[in-house]
Amino acid sequence: IYINIIVPIYQLGNPQLRIFRPNWFLTLVRPGKEQPPDTAQFRVPMEMTKYDVKNYLEKIYNVPVGVVRTRIQFGSNKKRNHLNQKVKKPDYKVAYVQLAQGQTFTFPDVFPEKDQTPAEGSMEEMQNKFMEDEKQRQKLDPRRGGVTEWFGL
Amino acid sequence: MAASSSVGRVLTLCRRFQNVCSLSSSIGTQRCAFSLTKYQGNLNSRSTSSQLLSCSTIFMPLGQHQSVHTTISRRGLEEFFDSPENWGESTVKSGAPWTAKQLRAKSNEDLHKLWYVLLKERNMLLTLEQEAKRQRVPMPSPERLRKVERSMTRLDTAVWERETALRLLQTGQEKGRPGAWRRNMFGQVYWYRFKEYAIPWHLNKRYKRKKFFTPSFVEPHVRLRIEKYLREKARKMNRQNRRLLKLKEKLPKSLSA
């Protein structure tokens, strides 16, 4: 229902347009190029403007926003699939948001290495043990010193 | 900080919150403040409490304000990420999505707040998805994103139903957006939905180029199209009947009854 909504036109003197329950979703991305420490990079739907992004972050996320700069990234149409048809990667808008009040933002490491030892979960432990046993059975006689069975005797 | 963030997550989305503190007058409804609720149950760790469990909570009627004051979460850009305990996990537990039936039972204020809760969750999942693609690592439990999307569409339908009901009662209009049945230049009749313009239609050059009538040279093809449609329908019916007859011949008589 929210997809084919047409926004009422604005004419001079109209009241400020307000949107309840916005249908726009931002994606925070890790910057490809080095950015200044107070800049956060977002992928933003094409219909949003700089003021929209600013208001969105200020009202919903309570983030003090200074300046917002946007650009549209063209998604390539060059690649071809197995039928030799061109495959289009979708275009998207990128917003560079500079935070006010001297705040800094670094993109965190969301996938750190964690120890995968399943102590209590017996299912995973049993599975791992079983896999290791299987691998041990597949290995050759250690006394042959790495030589395969193909060589005689 | 991490503890408070996990508490914040749990409070907003967990099944056990019992009281909803209504928005205080200082916070206008314009501003999205999904207010944290006072969590009176035992605080579970994040892994056990499910995020998106449908809440069949008891909401206090607004007349009796409980003097529950909660702070608006001030985590800023941290809200684009999960709580740090879940970073690096391969699966994250989450509950069932909201059903339309449950959402119809909620008040408008609650739906408004829930929309923003779901919006923030969806933003977080989208950032996680993009980061997983960037790091070439599988995203932990991608079904959460689909659950949130479905919940949001169902919320939309619930609100739309309420709006149509209200509109019908107040004005008698069935549709929110005005329209008309019009015939296009192929002879097909369809529901044309009006669009808002700043100028009247007789000054609109592009609108006048659009023909809402069938030219005379197209009219014979309309009849041909109808004939084709009827022919296809007749053939389909015949095919079905012949198939039934054949089956009745083959199969024993007792089964055909």
Side-chain angles (χ1 to χ4, degrees), chain A residues 1-12 14 16 18-32 38-45 55-65 92 97 99-101 103-116 118 121 124, chain B residues 28-34 72-82 84 86-90 108 111-112 114-116 118-120 122-140 148-149 152-153 155-157 159-160 163 176-177 193-198:
Chain A
I1 297 149
Y2 235 107
I3 298 175
N4 287 327
I5 285 265
I6 288 195
V7 169
I9 50 163
Y10 178 80
Q11 287 172 306
L12 186 66
N14 285 6
Q16 171 70 54
R18 310 221 175 257
I19 299 179
F20 298 103
R21 300 187 300 119
N23 205 27
W24 298 324
F25 309 104
L26 306 192
T27 318
L28 237 190
V29 295
R30 187 186 285 272
D38 60 345
T39 311
Q41 193 171 333
F42 289 92
R43 281 196 192 178
V44 145
N55 288 341
Y56 189 103
L57 286 173
E58 278 178 350
K59 300 271 162 70
I60 302 183
Y61 282 91
N62 208 13
V63 167
V65 167
Y92 54 90
V97 171
L99 305 166
Q101 292 163 22
Q103 291 185 3
T104 52
F105 176 73
T106 47
F107 201 90
D109 178 21
V110 201
F111 295 102
E113 292 291 319
K114 276 200 181 171
D115 300 327
Q116 292 290 334
E124 285 146 1
Chain B
T29 45
Q30 209 51 40
R31 208 160 141 218
C32 155
F34 70 98
I72 306 160
S73 65
R74 296 191 161 284
R75 284 169 302 162
L77 288 177
E78 282 179 48
E79 287 190 274
F80 277 99
F81 302 101
D82 234 343
N86 284 351
W87 293 0
E89 300 279 337
S90 61
N108 283 331
L111 287 184
H112 190 83
L114 183 64
W115 178 268
Y116 287 100
L118 291 171
L119 185 109
K120 288 202 196 187
R122 191 160 165 182
N123 284 348
M124 184 270 282
L125 291 169
L126 285 170
T127 49
L128 192 64
E129 197 182 14
Q130 190 53 44
E131 182 61 21
K133 283 186 196 171
R134 183 63 169 270
Q135 304 293 336
R136 294 185 232 179
V137 150
M139 177 190 171
V148 169
E149 262 176 272
M152 287 181 106
T153 41
L155 209 161
D156 251 335
T157 38
V159 170
W160 176 79
E163 278 177 9
R177 188 169 160 194
R193 293 193 301 163
F194 293 153
K195 197 179 151 187
E196 209 177 337
Y197 292 100

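Sequence lines set the chain letters: A, B, ... in the order given, protein chains first and strands last, and positions in each chain run from 1. Because the structure is predicted, anything quoted here is derived from the model rather than measured. Every heavy atom of this structure was used, including side-chain atoms; hydrogens, water molecules and symmetry mates were not.
- With a 6.0 Å radius and a threshold of 12 heavy atoms from other residues, nucleotides or ligands, A/Glu113 has its CD atom at or below the threshold.
- Across all their heavy atoms, A/Tyr61 and B/Asn123 have their closest contact at OH-ND2, 2.9 Å.
- Closest non-hydrogen pair, A/Arg21 versus B/Asp156, comes out as NH1-OD1, 2.8 Å.
- Across A/Ile19 and B/Tyr116, no two heavy atoms sit closer than the pair O-OH, 4.4 Å.
- For B/Gln135, the part lying under 4.5 angstrom from a heavy atom of chain A is the side chain only.
- In terms of heavy-atom proximity, A/Ile60 sits nearest to B/Lys120 at O-NZ, 3.1 Å.
- Taking both residues in full, the closest heavy atoms of B/Trp87 and A/Pro108 are given as CH2-CB, 3.7 Å, listed atom of the first, atom of the second, then distance.
- Using a 4.5 Å cut-off between heavy atoms, A/Phe25 contacts chain B through both its backbone and its side chain.
- Only the side chain of A/Tyr56 has a heavy atom closer than 4.5 Å to any heavy atom of chain B.
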Apply the test ring pair (Phe, Tyr, Trp, His ring centres under 6.0 Å) to residues A/Phe107 and B/Phe81: give CA-CA distance (whole Å), side-chain angles for both, the deciding distance (0.1 Å), then the verdict. CA-CA 10 Å; A/Phe107 201 90; B/Phe81 302 101; 5.3 Å; yes
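- Summarising the geometry of A/Phe111 relative to B/Val137, their closest heavy-atom pair is CD2-CG1, 3.8 Å, with the distance given to 0.1 Å.
- Interface remark: A/Asp109 contributes backbone atoms only to the contact with chain B (heavy atom separation under 4.5 Å).
- Side-chain N or O atoms of A/Arg30 include none that pairs as donor or acceptor with a backbone N or O of B/Arg134 at under 3.5 Å.
- Heavy-atom distances place the side chain of B/Gln130, and not its backbone, under 4.5 Å from chain A.
- Using a 4.5 Å heavy-atom cutoff, the side chains of B/Leu77 and A/Leu99 are in contact.
- Taking CG from A/Asn62 and CD from B/Glu79, the interatomic distance works out to 8.5 Å, rounded to the nearest 0.5 Å.
- Summarising the geometry, atom CG belonging to B/Leu119 is positioned 8.0 Å from atom CG belonging to A/Leu26; distances are rounded to the nearest 0.5 Å.
- Note on A/Leu28, A/Val63, A/Asn55, A/Leu57: by heavy-atom pairs under 4.5 Å with chain B, the leading option is A/Leu28.
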